[in-house]
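Chain letters run A, B, ... following the sequence lines, proteins first and then strands; every chain starts at 1. Treat the numbers as computed from the prediction; the structure is a model and nothing was measured. Every heavy atom of this structure was used, including side-chain atoms; hydrogens, water molecules and symmetry mates were not.
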Number of protein chains: 2
Amino acid sequence: MSTHAAGDGPSLPIGPPPVRERADAARNRRRALAAAEALFAERGVHSVTMDDVAAAAGVGKGTLYRRFTDKGGLASALLSERAIALQGEILGGPPPLGPGAPPELRLRAFTTAYLRFQATHLDLVLLSETSTPGARLRKGSYAFWAQHAEMLLRARGVRDPLERAEVLLAGLSAEQVSSWLRDQGRDLEALVEAMGRLADALGSAGT
Amino acid sequence: MSTHAAGDGPSLPIGPPPVRERADAARNRRRALAAAEALFAERGVHSVTMDDVAAAAGVGKGTLYRRFTDKGGLASALLSERAIALQGEILGGPPPLGPGAPPELRLRAFTTAYLRFQATHLDLVLLSETSTPGARLRKGSYAFWAQHAEMLLRARGVRDPLERAEVLLAGLSAEQVSSWLRDQGRDLEALVEAMGRLADALGSAGT
DNA sequence: GACATTAACGGACTCCAGTCCGCTTGGTCA
DNA sequence: TGACCAAGCGGACTGGAGTCCGTTAATGTC
């Protein structure tokens, strides 16, 4: 059924797994990630099967699933390094993304940076968010983004900060971004502007 | 691959199919819908396969797919009667859902009614929105909801009405609603209140 | 260094969504 | 009323995700 969260790769607030990975397990994880990255780049995410990855990595399919739970978990793991970089900038980088700027500016910075992140890694994010219904909301990193946005909205003193944060993230889901960018052919920069304004609106109006 | 829109059942603004359905086709559609409804109710959406539906309907699997495109399309068809009722209330029912009330009240009424709709039919909606990545945004009815919300937001004179409408709907997706109601155990009435306030916020603040 | 423990391995297997294509039949037109 | 043909039918088939479980070999212990 898949509730990855193990295969997701560590999301900053969670940290490394409780017990150290066995040497062969670590080696196979590296092999699998390398093989997946190469195959995805070469043939496109959608036309690569789990058997392909297993074969290319020289690893059994069972091993792949033990490590990454499902295809989406594999994508999450590939994304996690990039996600952690962004999380690091948010936690300790320069303002307005990092601490120091007023919350309305940080919220706008977060929104646009996150949108760019999604757009940059669209195929992988799409896979990781849609492999299973609700996968998006169960990824370890989702908790980070949601908590951050909620914190900023709370600092602005708006009502229902959590709900607003979740709605904002829903609007930045891979599905939505893909629809805008690919199906509707919208321009990314225009979208960045619009979503920045929308973040401002969520961070101000209403009771 | 699936771009249903045929199996969706007519969404008000679209109307009936160009040419009339052949008698046997109509009979098989009725059988399939009846069988699906019964099986879904009896065993739960998730543990019913398309073969099950085909067998119970006394129809070949190919027929099922020809009529409904995929499992999500079958769910959409089952929902469409209910959706059309709601669309009718919006287009011609009493205010504030129907015409006559000021746009901010209509937006709130639409938001809460739509949330209740999603919650009421959660399993079916979940299936219809997640059967394929992006299915939610391609359903015929999505265009209706989005256009309506956009119209109301435009009447309020806010910036980026379409983007705001789409973000609002993303926040009311089956995936999100299911997470709130089932995973987080939130109370529906509290959620209705919160989303009503969020609709107000989207319909007012910001440039 | 032998042994026990137990995590990890891997590939055969199951299950199901969705496709294909040769056959049938309702609707139509002469 | 016959006969033509596109629309419709249906079930065998394919492809791939995810599971199962007997086997293998790292790691810790004495």
D/dG10 P sits how many Å from B/R31 CZ, rounded?
8 Å
Would you list the pairs meeting salt bridge (charged side-chain N to carboxylate O under 4.0 Å, His left out) in which at least one residue belongs to residues 118-134 of chain A, sequence neighbours left out?
A/D123-A/R182
Against the side chain of A/A25, the closest entry in C/dA17, D/dC9, C/dA8 is C/dA8
What integer distance in Å separates B/L74:CG from C/dA17:P?
11 Å
SB check A/R159 B/E193 (cutoff 4.0 Å):
no
Take atom CD of A/E37 as the centre, draw a 6.0 Å sphere, and report whether it contains more than 12 heavy atoms from other residues, nucleotides or ligands.
no
B/N28 side chain N/O closer than 4.0 Å to the phosphate oxygens (OP1, OP2) of D/dG8?
no
Atom CE of B/M50 to atom C1' of C/dT19: distance rounded to whole Å?
13 Å
Every protein N/O within reach of nucleotides 22-30 of chain C N/O, cut-off under 3.5 Å:
unit_1 : atom_1 : unit_2 : atom_2 : d
C/dG27 : OP1    : B/A23  : N      : 3.3

Of all residues at least two apart in sequence or in a different chain, which pass the side-chain contact (heavy atoms from CB on, under 4.5 Å) check with B/R27?
B/D24, B/R30, B/R31
Please tabulate, one pair per line, each protein N/O and nucleotide N/O from nucleotides 11-15 of chain D that are separated by under 3.5 Å, including the distance.
unit_1 : atom_1 : unit_2 : atom_2 : d
D/dG11 : O6     : B/G62  : N      : 3.3

Indicate yes or no: does A/R108 engage A/E104 in a salt bridge with an N to O separation below 4.0 Å.
no
Sorted by chain and number, sequence neighbours left out, side-chain contact (heavy atoms from CB on, under 4.5 Å) with A/T112 holds for A/V192
Without decimals, in angstroms, what is the distance between A/L64 CG and D/dG16 C1'?
13 Å
Look only at the side chain of B/T63 and the backbone of B/V59, and say whether a donor-acceptor pair between them is shorter than 3.5 Å.
no
A/D70 CG to D/dA17 P, straight-line distance once rounded to whole Å:
10 Å
Hits for ring-ring contact (aromatic ring centres under 6.0 Å, His included) against B/F110, two or more places apart or cross-chain, chain-then-number order -> B/Y114, B/H148
